[in-house]
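First comes the structure, then the notes that go with it.
Below, chains carry the letters A, B, ... as their sequence lines are ordered, and counting in each starts from 1. Every heavy atom of this structure was used, including side-chain atoms; hydrogens, water molecules and symmetry mates were not.
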Amino acid sequence: MNDEFELLYQSTYTAVVRFLYRKVWDAERAEDLAQEVFVRALAHRPEKPRAWLFAVAANLARDEARAAVRRKRHLTLLKGDPVAQPAFEPSAEDQVERDEEIASVRDALDTLTPRDREILLLWDAGLSYPEIAAETGLALGAVGTTLARARKRLVAAHERQQTRDHVAHS
Amino acid sequence: MSHIPEAELHAYLDQALPRLRCVEIESHLAECTPCRTARDEIAALRDRTTAMLARLAPRRTVPPPLADLRHRAAHRASEQARFRQRTAWAASVVVALGVGWGASYLVHPLSGRALATRTPAAATIPAAAPAGPPRTSADTAAPASSEAPADEAPAVLAAEPTATPAAAAPAPKPKPHGASRKAPVTSPAHLATLGGIPKDGQLEFGGVWRNLSWDGAKAQNGETPARIDGLPVTEAQTQAGDSGRRPLMVVAQQLASGEVIRTIEGPVSDVSALLGTRPGESVDSSAPGAPVPAGRTGLGSALAFRHGDRMFAVTGSLPSDSLRAMMRRLNLMLRVR
């Protein structure tokens with residue numbers, strides 16, 4: 001049992017952190033919440049641990065968002081949040097370009113409906129269709145439809161964003 | 001075979017379809033150019049979204065040692081257990097206090113209530129009824145001696161039915177009786193002037209009461225409970241007294257007119273406490289199962305007298321003369337008993 005949990009922990013921790021990060025947009029907070037998720041899992045020993053982990057993570061992220069609203073704390077992606085670490089130190093110009101690209105993707109993600117965004121992030125976190133259906137209450141056959149729509153909308157929103165940025169810069 | 005739906009191609013590329021369906025799709029794709037094109041576009045879309053989302057990731061994270069999380073989980077579990085233990089302890093203390101209070105109330109049903117509800121007027125009862133000092137003709141009537149005529153025996157009393165307690169006090173003016181002068185100072189029967197009789201003649205039957213059958217009431221009381229002979233008994237209620245004490249007994253009887261009168265018998269302190277209730281409080285809410293006749297709208301009265309360590313009272317919404325007549329009948333019954 002301990003070995004199983006160790007394997008689950010090692011294989012899922014990063015995905016849980018990433019999943020949470022895309023909801024709270026704060027890397028340190030995402031790690032704190034991910035550790036809380038696993039501490040709870042150790043206490044509860046759920047039968048379907050992967051789906052349970054992401055369900056709890058989603059709930060914690062929701063609570064975090066509500067608390068953030070209450071505190072009127074505005075989290076920003078670009079200021080103070082370390083993002084994917086490059087292999088080399090980028091130039092200032094490269095860093096600005098990267099930051100703009102990340103902001104553009106995040107804005108595109110924010111244009112999705114909460115349901116589409118949730119399904120897309122769960123899929124990207126590695127959950128299977130049945131696990132996504134179980135966690136979101138969606139019919140199994142509707143998961144593919146929702147994912148197809150979410151992917152198209154994300155790319156379309158991103159392209160619109162890039163077009164606007166290009167026009168603004170020229 | 002028709003073209004493969006877009007959502008199914010997504011599911012196919014996401015490896016979310018059963019093996020058999022995958023084989024069918026692959027054989028179709030081998031023959032259908034539009035579906036192959038669609039599959040390639042969806043694959044590109046899929047890769048692109050995956051790449052976009054990959055940019056939205058925190059820096060490379062390293063899981064902390066699992067032992068740290070285990071330690072946190074164990075610490076939290078022990079804190080929760082301690083909290084539950086404290087909660088259970090506090091709850092058990094509350095329950096124990098509640099049970100203790102309830103048990104003491106059952107054992108001494110009247111002691112607390114009497115202290116709490118006795119009005120100043122009610123508190124005068126013991127002062128008016130001690131067995132030694134001579135009384136005035138106004139508050140002393142015939143003793144319940146066998147020689148005394150029946151019509152002089154009932155003690156009297158009274159809170160006449162008046163609108164205000166203040167007006168009630170001077171109202172009763174019993175005639176002096178010759179028998180009262182002959183009464184020995186140690187006479188077992190004494191008159192009591194009752195104050196604080198509630199308006200409407202209704203008494204607060206607080207405490208834990210038990211309804212009895214008439215036979216049960218006789219068995220409970222050890223002898224026939226005090227009542228007015230010749231009237232049908234509609235209800236008998238008792239309230240347990242201290243061990244060794246006879247219980248407080250209330251017998252309800254109905255007159256031909258429909259009015260209900262109640263004969264109360266019990267220890268002096270209990271009966272005086274029962275009669276010394278706060279004005280205006282209704283018996284309806286506190287007497288379990290006590291019927292209230294619909295026509296009971298007049299002012300009420302109570303007559304009582306003391307006989308040894310027992311007190312007897314008759315209550316009802318009747319004119320004082322009628323009530324006095326009831327008392328005489330009760331007195332007769334007691335002599336026979």
Inset, instruction - Examine distances only and state if a side-chain atom of B:Arg46 and a backbone atom of A:Ala148 form a donor-acceptor pair shorter than 3.5 Å. - result: no
For [X], is it the side chain, the backbone, both or neither that has a heavy atom under 4.5 Å from a heavy atom of chain B?
X: A:Glu101; value: side chain
X: A:Arg151; value: both
X: A:Ser128; value: neither
X: A:Leu140; value: neither

Inset, instruction - Would you indicate whether B:Gln15, at its atom CD, is surrounded by more than 12 heavy atoms from other residues, nucleotides or ligands within a distance under 6.0 Å? - result: no
Legend entry - Greater than 12 external heavy atoms within 6.0 Å of B:Gln85's CD: no
So which heavy atom on [X] is nearest to which on [Y], and how close?
X: B:Ala7; Y: A:Gly144; value: CB-C, 3.9 Å
X: B:Leu56; Y: A:Tyr21; value: O-CD2, 3.7 Å
X: A:Leu42; Y: B:Ala73; value: CB-CB, 3.9 Å
X: B:Ala11; Y: A:Tyr129; value: CA-OH, 3.4 Å

Inset, instruction - Check each atom of B:Pro64 against the heavy atoms of chain A and say whether the ones under 4.5 Å are side chain, backbone, both or neither. - result: both
Legend entry - Best-contacting candidate, A:Arg18, A:Gln10, A:Arg22, against chain B by heavy atom pairs under 4.5 angstrom: A:Arg22
Legend entry - Salt bridge present between B:Glu6 and A:Lys152 (N-O < 4.0 angstrom): yes
Inset, instruction - Output the distance between atom OG1 (A:Thr146) and atom NE2 (B:His10), rounded to the nearest 0.5 Å. - result: 11.0 Å
Flag the pair [X] / [Y] as yes when at least one side-chain heavy-atom distance between them is below 4.5 Å, and no otherwise.
X: A:Val143; Y: B:Asp14; value: no
X: B:Leu66; Y: A:Phe38; value: no
X: B:Arg55; Y: A:Arg106; value: no

Inset, instruction - Give the intermediate values and the outcome of side chain to side chain contact (heavy atoms under 4.5 Å, CB included) for residues A:Val155 and B:Met52. - result: CA-CA 9 Å; A:Val155 170; B:Met52 287 169 64; 4.3 Å; yes
Legend entry - Pick from B:Ala77, B:Pro63, B:Ala74 with the largest number of heavy-atom pairs that fall under 4.5 Å of chain A: B:Pro63
Legend entry - Winner by heavy-atom pair count (cut-off under 4.5 Å) against chain A, out of B:Thr49, B:Ile42, B:Leu45, B:Leu53: B:Leu53
Legend entry - B:Leu69/A:Tyr9 under side chain to side chain contact (heavy atoms under 4.5 Å, CB included): CA gap, chis, key distance, verdict: CA-CA 10 Å; B:Leu69 302 189; A:Tyr9 176 63; 3.5 Å; yes
